[in-house]
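Below: the structure, in structure tokens.
Throughout, residue positions are numbered sequentially from 1 according to the sequence presented.
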Amino acid sequence: MSPGEKLDPLPDTFILQPPVFHPVVPYVTTIFGGLRAGKMVQLQGVVPLDARRFQVDFQCGCSLHPRPDIAIHFNPRFHTTKPHVICNTLQGGHWQAEARWPHLALQRGASFLILFLFGNEEMKVSVNGLHFLHYRYRLPLSRVDTLGIYGDILVTAVGFLNINPFVEGGSEYPVGHVSFLGEVPCSRALPRGLWPGQVIIVRGLVLPEPKDFTLRLRDEAAHVPVTLRASFADRTLAWVSRWGGKKLIPAPFLFYPQRFFEVLLLCQEGGLKLALNGQGLGATSLGPQALERLRELHISGSIQLYCVHY
């Protein structure tokens, strides 16, 4: 992009907030665009050995006085004889009736991955890949614009993502820790190939002066039957065949300097489905048994990687 050039307007649903690493607790941040159904917040960290309690609040503002309403208060407590989680809502300075979950799925001294998934009527929470609780909204989700983390917790990363749009991809809880993996190129072996239902996740940040981004899947004969390429020169995203033919993907161009992105590829019989930043964008076809013959995932271009999972 040339200096002073404006970005094309994008729908809010296409924009992802960059992850935050090792924030100091207490930590309060704005949620870009606020919360809405289909969003997900990912929290990674460690519970200290002497932890008594911590809380994750989804707040309606960030003022100190008066205290903002808290639409969702998630509060694990370790210091009681029976550790548990409390969820509640604060409105007009008054707490409502507590909802309590025993059998706390977090342990002192252990690392964790918590996913908060926001649906139309309730929030679902998973801990280390397993569903733990759901909590129905008592205030409109649209009022939430702030995340607050407080108490006895060491946070390694906070991610702001969208829920996996592929129901066929198994769990509604997308996997893949957020961590800085560095610049590319990056290659990952696929010793057993790929299979229907498997989801490839690639998350990254576009560099300040980008040229291109390319994701390739190579087969056992070193052929490249699948190439996904973003061109920054003409701002296009396309599937590229092994013979060089291009099939443009009609979608807003997401790969702008210093923007965070997520690519999901759902493997299915006869091809791959694509989603960018949680939005489904069609599919590309592959020949019979092509998935099981794939042996390498290769990523290159003007990005920094934060997650590669399959």
State, yes or no, whether a side-chain contact exists between Ser231 and Asp212 at a heavy-atom distance under 4.5 Å. no
Scan Leu194, Leu215, Val199 and name whichever one has a side-chain contact (heavy atoms from CB on, under 4.5 Å) with Leu265. Leu215
Is the shortest heavy-atom distance from the side chain of Glu209 to the side chain of Pro257 under 4.5 Å? no
Any side-chain to backbone donor/acceptor pair from His84 onto Lys82? Under 3.5 Å, distance only. yes
Between Ser187 and Glu296: side-chain donor-acceptor atoms closer than 3.5 Å: yes
Short side-chain to backbone donor-acceptor contact, Thr89 and Ala71, under 3.5 Å: yes
Pair Leu106, Ile114 - check side chain to side chain contact (heavy atoms under 4.5 Å, CB included), show working. CA-CA 10 Å; Leu106 297 164; Ile114 303 175; 4.2 Å; yes
CG of Asn120: more than 12 outside heavy atoms within 6.0 angstrom? no
Look at atom CZ of Arg242 and say whether more than 12 heavy atoms of other residues, nucleotides or ligands are closer to it than 6.0 Å. yes
About how many Å separate CZ of Arg218 and OG1 of Thr227, when rounded to the nearest 0.5 Å? 8.5 Å
If you group Ile, Leu, Val, Met, Phe, Trp and Tyr by side-chain heavy-atom gaps below 4.5 Å, do Val240 and Leu297 land in one group? no
Show me, pair by pair, the donor-acceptor contacts under 3.5 angstrom made by side chains of residues 20-35, not counting sequence neighbours?
none

Flag the pair Leu274 / Val263 as yes when at least one side-chain heavy-atom distance between them is below 4.5 Å, and no otherwise. yes
Counting only N and O atoms by type, is there a donor-acceptor contact under 3.5 Å from the side chain of Asn75 to the main-chain atoms of Cys87? no
Can you tell me how far apart CG (Leu154) and OG (Ser111) are? Round to the nearest 0.5 Å. 11.5 Å
Just wondering, are more than 12 heavy atoms of other shown residues or ligands nearer than 6.0 Å to CD in Glu220? yes
Test: ring pair (Phe, Tyr, Trp, His ring centres under 6.0 Å). Region: residues 197-218. Which pairs qualify, not counting sequence neighbours? Phe213-Phe255, Phe213-Phe261
Only one of Trp101, Tyr135, Phe116, Phe132 passes ring-ring contact (aromatic ring centres under 6.0 Å, His included) with Phe74, and that residue is Phe116
Heavy-atom pair with the smallest gap, counting every atom of Glu122 and Lys124: OE2-CE, 3.5 Å
Close side-chain approach of Thr146 and Pro68, heavy atoms under 4.5 Å: no
Applying the 4.5 Å side-chain criterion to the ILVMFWY set and letting contacts propagate, would Leu90 and Met123 be lumped into a single cluster? no
Given side chains that start at C-beta, do those of Leu43 and Phe112 come closer than 4.5 Å, heavy atoms only? yes
If we ignore hydrogens and angles and just use 3.5 Å, is the side chain of Thr156 paired with the main-chain N or O of Gln44 as donor and acceptor? yes
Mind checking whether Phe118 and Phe58 have ring centres under 6.0 Å apart? yes
Heavy atoms from other residues, nucleotides or ligands near NE2 of His134 exceed 12 (cutoff 6.0 Å): no
Not counting sequence neighbours, which residues clear salt bridge (Lys or Arg N to Asp or Glu O under 4.0 Å) with Arg138? List them please. none
